[in-house]
Engineer: 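My questions will all concern the structure given below.
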Amino acid sequence: MLEKYTDDYILNIIENQHCKTHTMLSSLLTVQDDIGYLPKNSINVVADFMNVSTNDVWGVASFYLNFRFDPPGKYNVEICWGPTCHIGGASELQQIALEKLNLVNQGDTEDGKVSLKFNTCLGACPQAPLISVNHKLHGKMDVKKFSKILDKLN
Amino acid sequence: MNYEIIKSDSDKKWAELTNGSIPWIRISDAMCCGSSLGSDEIIDNLKKYSAENKIQINISRVGCHGICYAGTIIDVLFNGNPRIFWGYINPKNVIKTINSYIQNGEILKDNLLGSYGDELIKGVPDFSELPGIKYQKRIALKNSGNIAFDDIFQYIANDGFSGLNKALHSMKSDEVISEVKNSGLRGRGGAAFPTGVKWSFMANSKGKKYILCNCEEGDPGAFNDKGILESDPFTLIEGMIIAGYATGSTNGFVFIRHGHEGPIVRTEQAIKQAYNNGLLGENILESGFSFDIEVSLTGDSYVAGEETALMESIEGKSSKPRSRPPFPAAYGVWGKPSTINNVKSLSYVAEIIRNGSDWFKSTGTESSSGTAIVCLSGNIVNPGMYEVEMGVSLGDVIEKLGGGIPDGRKLKMLQTGGPLGGVLGSDSLKVKIDFDEMAKAGAILGSGGIIVVDDRTCAVDLTKSLVAFCQYESCGKCFPCRLGMTHLLEIVEKISRGEGQIEDLSLMNKIGKNMQAGSLCGHGQLGYNPISSALKHFQNDFEKCMSGDCPTGSCKERKIVFPINTRPNAWQVKVGM
Ligand SMILES: Cc1cc2nc3c(=O)[nH]c(=O)nc-3n(C[C@H](O)[C@H](O)[C@H](O)COP(=O)(O)O)c2cc1C
Ligand code: SF4
Ligand code: FES
Ligand code: FES
């Protein structure tokens with residue numbers, strides 16, 4: 001498969017990364033921030049850049065749960081299922097999202113438009129239950145409001 | 001640069017800002033009342049208003065007041081009057097509120113919280129008498145809500161960096177350690193280890209040494225570390241430099257989870273301003289001491305907050321804990337001596353040095369000096385981030401600060417100290433907020449998260465959500481935790497479905513004991529806590545659920561969909577990619 005992002009493109013991102021201390025993890029985070037996922041060749045580029053084996057880089061990329069290996073949808077929807085949101089009704093929000101997006105668990109919709117993710121705590125528990133769309137938080141969510149938000153995604 | 005020079009420069013700027021000739025508007029803009037409630041738009045609207053009407057205003061974005069329920073909070077200092085506060089401000093009502101006041105001198109009653117200052121205005125309530133303000137005692141958060149989080153001059157004008165200046169110019173490094181030891185400061189990251197003692201472990205080794213500040217904060221229900229970094233990152237930076245000086249360290253890392261833009265951007269900004277003013281880098285405040293700080297980001301992993309996993313992550317590897325010994329003070333990040341402290345622990349340091357350890361010791365209790373920063377969430381009227389003196393009771397926190405339980409419901413459970421902490425029953429309201437008292441009661445204070453749960457939730461249901469979290473976040477390095485958590489979750493789910501048997505309780509106990517004895521890090525060692533503490537107070541709920549009769553029905557109503565993601569997550573990679 002032809003990679004959309006060339007090795008040079010990726011190397012350029014990594015070389016100009018924001019973190020002062022360059023590591024496997026900081027490089028992978030930079031690639032994902034820029035491209036939205038880790039294309040296969042990015043693993044090799046990071047390995048060469050850090051002078052480690054591709055195995056080492058795969059190890060890190062497959063450990064942290066935020067990394068993904070194919071392009072994300074246009075909409076990144078996250079639902080918090082942490083305990084505060086759970087007692088506030090997060091499971092109903094999960095159910096309605098799965099139903100509307102025709103999914104059985106977190107993942108991407110068939111048309112690739114929406115990436116659904118369950119998050120362990122979005123960090124604004126006073127406003128529980130929470131969801132986020134493209135990293136913007138929406139607090140005090142309920143099924144009705146969330147349905148409207150989901151209906152608007154296209 | 002010389003401290004006296006920046007101080008007098010800052011004081012001048014502060015005097016101009018506060019003399020009342022131009023309205024100074026402060027907008028709370030932290031984790032929950034910030035951008036999610038439209039603070040950016042509020043500020044845009046204010047700027048537009050000021051330009052269109054040619055009215056000069058000064059705007060500062062400030063941190064959390066603690067009363068997050070009233071967000072967004074705005075206050076104006078103008079015309080020799082005290083600060084006037086309004087809550088529940090949004091992009092729509094902000095202009096009317098501000099315009100009425102600064103143009104017509106009319107204080108709108110809508111959403112008015114009160115006034116704050118030496119002389120109050122008649123007919124306007126006293127802001128400091130609001131329960132959410134009155135019952136707080138702020139040390140680490142003293143600047144939060146009062147100064148811009150992105151302006152080092154406001155920080156310096158409010159005594160910022162005077163603790164550092166005192167340490168560098170009038171104390172030897174071991175005197176700083178003694179002072180922190182004597183203050184009784186204990187770690188706010190979970191284990192409550194005395195901070196000064198921890199520092200002393202590393203003081204004598206030579207060469208490159210690291211101060212690592214832990215802001216992983218993966219505990220659901222806790223948001224105070226991110227809250228501090230968003231509200232007043234300079235206090236942390238000052239504390240870290242003092243820790244660096246005390247331990248003879250050369251470098252510091254602030255460790256934050258990737259994706260939390262607020263704390264990341266604000267910390268980086270504070271670090272940059274500190275460098276620009278000679279407060280970081282070579283020869284800090286002309287003392288001969290040099291220290292560097294940078295931000296290190298980690299991926300999604302709860303266990304990355306464990307001290308040795310954190311070091312692996314800073315090195316860029318998977319955040320799996322190391323076995324100990326060797327301990328971090330001897331062999332830390334890149335094999336160099338390292339000291340790990342929580343954000344909150346380090347945020348007390350500057351004030352302790354500035355005011356002396358006896359001053360700090362005079363607050364709080366015998367065994368836990370100072371304050372606790374608690375995060376109230378769940379079934380509570382006024383959720384928020386409150387700094388309270390150690391020794392107040394849980395009941396006071398719930399009733400006075402939190403305003404009690406909404407909808408006429410009854411308190412049933414308090415989940416404290418993160419998912420690995422514990423659950424307390426409604427009979428625990430007398431328990432004092434204090435590391436040892438909380439531990440005696442069977443929970444921990446830990447990082448300060450308190451999730452309030454009313455009588456609509458079954459203890460099995462809550463436990464299931466906690467155990468699911470712990471199972472999901474096991475790093476998988478050692479099998480007692482990896483398999484144990486999975487097995488525990490299976491059993492709790494079974495009970496929650498109404499299919500449990502009484503033998504399951506002893507089976508869980510056995511698994512829990514093995515995990516405690518055989519796990520490599522605290523995650524597995526404490527992984528049975530959510531179950532054992534729930535059983536201690538609510539065995540009845542478990543037994544009822546076993547007979548298919550969930551006492552509240554919440555086990556049946558709430559169907560959690562557990563994320564299928566597990567480590568390693570490379571199963572996502574499509575074959576042939
Ligand atoms: C699984 C696990 C997760 C942890 N997560 C955090 C965390 O997010 N933040 C934190 O400060 N400490 C966390 N800790 C505790 C740290 O290991 C360490 O004790 C603490 O950062 C030390 O700081 P202190 O002495 O200032 O409390 C965690 C511990 C374990 C076992
Ligand atoms: S106890 Fe759990 S989290 Fe800790 S090292 Fe073992 S598997 Fe990882
Ligand atoms: S538990 Fe949902 S935001 Fe914290
Ligand atoms: S007052 Fe805004 S986050 Fe607390």
Engineer: With a 4.5 angstrom heavy-atom cut-off, could you sort out which part of A468(B) is near chain A: side chain, backbone, both or neither?
Structural biologist: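 Both parts, heavy atoms under 4.5 Å.
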Engineer: Quick check on the interface: out of G259(B), S296(B), P419(B), C475(B), who has the most heavy-atom pairs with chain A under 4.5 Å?
Structural biologist: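 Ranked by contacts with chain A, first place is C475(B).
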Engineer: What part of K317(B) gets within 4.5 angstrom of chain A, counting heavy atoms only: side chain, backbone, both, or neither?
Structural biologist: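 K317(B) touches chain A through backbone and side-chain heavy atoms alike.
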Engineer: Can you tell me which portion of I314(B) sits under 4.5 Å from chain A's heavy atoms? Options are side chain, backbone, both or neither.
Structural biologist: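 Backbone only.
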Engineer: Check the side chains of K464(B) and S496(B) for a donor-acceptor pair under 3.5 angstrom, ignoring hydrogens and angles.
Structural biologist: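 On atom types as modelled, these side chains qualify, holding a pair under 3.5 Å.
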Engineer: Which one, G59(A), G82(A), P83(A), leads in non-hydrogen pairs under 4.5 Å with chain B?
Structural biologist: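 The residue among G59(A), G82(A), P83(A) with the greatest pair count is P83(A).
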Engineer: Look at atom CG of N16(A) and say whether more than 12 heavy atoms of other residues, nucleotides or ligands are closer to it than 6.0 Å.
Structural biologist: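 Check passes, neighbour count above 12.
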Engineer: Count the heavy atoms of every other residue, nucleotide or ligand shown that sit under 6.0 Å from NZ of K477(B), and state whether that count exceeds 12.
Structural biologist: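 Check passes, neighbour count above 12.
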Engineer: Would the number of heavy atoms belonging to other residues, nucleotides or ligands and lying under 6.0 Å from CG of N102(A) be above 12?
Structural biologist: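 Result for CG/N102(A): open.
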Engineer: Is the shortest distance from a Lys or Arg side-chain nitrogen in R456(B) or D461(B) to a carboxylate oxygen in the other one below 4.0 Å?
Structural biologist: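 No, no charged N to carboxylate O under 4.0 Å.
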Engineer: If I measure from the heavy atoms of chain A, does N379(B) come under 4.5 Å with its side chain, its backbone, both, or neither?
Structural biologist: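 Contact with chain A involves both backbone and side-chain atoms of N379(B).
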Engineer: If I measure from the heavy atoms of chain B, does T21(A) come under 4.5 Å with its side chain, its backbone, both, or neither?
Structural biologist: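 Both backbone and side chain.
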Engineer: Could you have a look at D300(B), I451(B), L376(B) and say which one has the most heavy-atom pairs with chain A under 4.5 angstrom?
Structural biologist: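 Greatest number of close heavy-atom pairs with chain A: D300(B).
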Engineer: For each of G218(B), G449(B), S313(B), tally heavy-atom pairs with chain A at distances under 4.5 Å, and name the one with the top tally.
Structural biologist: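 Top count of heavy-atom pairs under 4.5 Å with chain A: S313(B).
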Engineer: Closest approach of A97(A) and L150(A), non-hydrogen atoms and distance?
Structural biologist: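 Minimum heavy-atom separation between A97(A) and L150(A): CA-CD1, 3.8 Å.
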Engineer: Of the backbone (N, CA, C, O) and the side chain (C-beta and beyond), which part of I79(A) lies under 4.5 Å from a heavy atom of chain B, both, or neither?
Structural biologist: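 It is neither, since no heavy atom gets under 4.5 Å.
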Engineer: Check each atom of E217(B) against the heavy atoms of chain A and say whether the ones under 4.5 Å are side chain, backbone, both or neither.
Structural biologist: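 Answer is neither: E217(B) stays 4.5 Å or more from chain A.
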Engineer: Verify the distance criterion only: is there a donor paired with an acceptor across the side chains of T6(A) and D8(A) at less than 3.5 Å?
Structural biologist: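 Short answer, no.
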Engineer: Between H18(A) and chain B, which part of the residue has a heavy atom less than 4.5 Å away: side chain, backbone, both or neither?
Structural biologist: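 The answer is the side chain of H18(A).
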Engineer: Highest number of heavy-atom pairs under 4.5 Å with chain A: which of H258(B), K320(B), E473(B), Q415(B)?
Structural biologist: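 Most heavy-atom pairs under 4.5 Å with chain A: H258(B).
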Engineer: Could you look at D33(A) and say if it's the side chain, the backbone, both or neither that has a heavy atom under 4.5 Å from chain B?
Structural biologist: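 The side chain, not the backbone.
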Engineer: Between S28(B) (side chain only) and I73(B) (backbone N and O only), is there a donor and an acceptor less than 3.5 Å apart?
Structural biologist: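 Yes, the answer is positive, given that a donor and an acceptor are paired below the 3.5 Å cut-off.
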Engineer: Do L25(A) and L29(A) come within less than 4.5 Å of each other through their side chains, counting heavy atoms only?
Structural biologist: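 Counting from C-beta outward, L25(A) and L29(A) do come under 4.5 Å.
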Engineer: So for L466(B), is it side chain, backbone, both, or neither that comes closer than 4.5 Å to the heavy atoms of chain A?
Structural biologist: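 For L466(B), the side chain is the part near chain A, not the backbone.
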Engineer: Start with the C-alpha gap between D455(B) and R409(B), add the side-chain angles, then the distance that decides, and say whether salt bridge (Lys or Arg N to Asp or Glu O under 4.0 Å) holds.
Structural biologist: CA-CA 7 Å; D455(B) 55 2; R409(B) 291 278 164 184; 3.4 Å; yes
Engineer: So what's closer than 4.5 Å to chain B heavy atoms on V104(A): side chain, backbone, both or neither?
Structural biologist: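 Backbone only.
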Engineer: With chain A, which of L462(B), T457(B), I380(B), T298(B) has the greatest number of heavy-atom pairs at distances under 4.5 Å?
Structural biologist: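 Most heavy-atom pairs under 4.5 Å with chain A: T298(B).
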Engineer: Which one, S554(B), S319(B), G221(B), leads in non-hydrogen pairs under 4.5 Å with chain A?
Structural biologist: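 Looking at each of S554(B), S319(B), G221(B) in turn, S319(B) comes out on top.
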Engineer: Identify which part of Y302(B) has an atom lying under 4.5 Å from any heavy atom of chain A, answering side chain, backbone, both or neither.
Structural biologist: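 Neither part.
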Engineer: I'd like to verify something: which residue of M24(A), H135(A), Q94(A) has the highest number of heavy-atom pairs under 4.5 Å with chain B?
Structural biologist: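 Of M24(A), H135(A), Q94(A), Q94(A) has the most heavy-atom pairs under 4.5 Å with chain B.
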Engineer: Is chain A contacted by the side chain of E315(B), its backbone, both, or neither, given a heavy-atom distance below 4.5 Å?
Structural biologist: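 Contact with chain A involves the backbone of E315(B) alone.
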Engineer: Counting heavy-atom pairs closer than 4.5 Å to chain B, which one of E92(A), H86(A), H22(A) comes out on top?
Structural biologist: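 Heavy-atom pair counts peak at H86(A).
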Engineer: Do NZ/NE/NH1/NH2 and the carboxylate oxygens of K140(A) and D142(A) come within less than 4.0 Å?
Structural biologist: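 A salt bridge is absent here (no side-chain N lies under 4.0 Å from a carboxylate O).
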Engineer: Please work out which of the three classes, parallel, tilted or perpendicular, describes the rings of W334(B) and Y210(B), given edges at 30° and 60°.
Structural biologist: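 Tilted: the ring planes of Y210(B) and W334(B) meet at 30° to 60°.
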Engineer: Where does the angle between the aromatic ring planes of F69(A) and W58(A) fall among parallel (under 30°), tilted (30 to 60°) and perpendicular (over 60°)?
Structural biologist: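 It falls in the tilted class, 30° to 60°.
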